[in-house]
Amino acid sequence: MASTKGDYVETLQEPGKLPVKVYEEAGLLGRFKNLTNAHHAELEKELGNESPALFFDTLYLVEEMTPEEAEQYRLDCLERDL
């Protein structure tokens, strides 16, 4: 299934690597998981479980930044820390 970038979640960075942007999955796979979670919760509540756990965890997409975006992100982080 094709992935579709949804809402921006956060930016992650590991030492020595380019930062990556994290987005919610908004394509068919994300829709499938959301519908499955909703139906699972409904069935669990019918069985008496008032606080059912999610069937699937939230699905995210990760997108690598370009070197230019990474440098701007680094500068923005330095500015926030001042």
Discussion item. Between Glu69 and Lys21, does any NZ, NE, NH1 or NH2 come within less than 4.0 Å of an OD or OE carboxylate oxygen?
Written reply: yes
Worksheet entry | Side chain proximity check, Lys45 to Leu43, heavy atoms < 4.5 angstrom | no
Worksheet item: Heavy atoms, side chains only, cut-off 4.5 Å: are Thr11 and Tyr73 in contact?
Response: yes
Output the distance between atom [atom1] ([X]) and atom [atom2] ([Y]), rounded to the nearest 0.5 Å.
X	Y	atom1	atom2	answer
Ser51	Glu44	OG	CD	11.0 Å
Thr4	Leu29	OG1	CG	10.0 Å
Asn34	Glu25	CG	CD	9.5 Å

Worksheet item: Which heavy-atom pair separates Tyr23 from Tyr8 by the least distance, and what is that distance?
Response: CD2-CA, 3.5 Å
Discussion item. How close do Leu18 and Ala70 get, counting heavy atoms only, and between which atoms?
Written reply: CD2-CB, 3.6 Å
Worksheet item: Is the His40 ring parallel, tilted or perpendicular to the Phe55 ring (thresholds 30°, 60°)?
Response: tilted
Worksheet item: Would you say Asn37's side chain and Leu54's backbone share a donor-acceptor pair under 3.5 angstrom?
Response: no
Fill in: ILVMFWY cluster, Val9 and Val20 together (side-chain gap under 4.5 Å)
yes
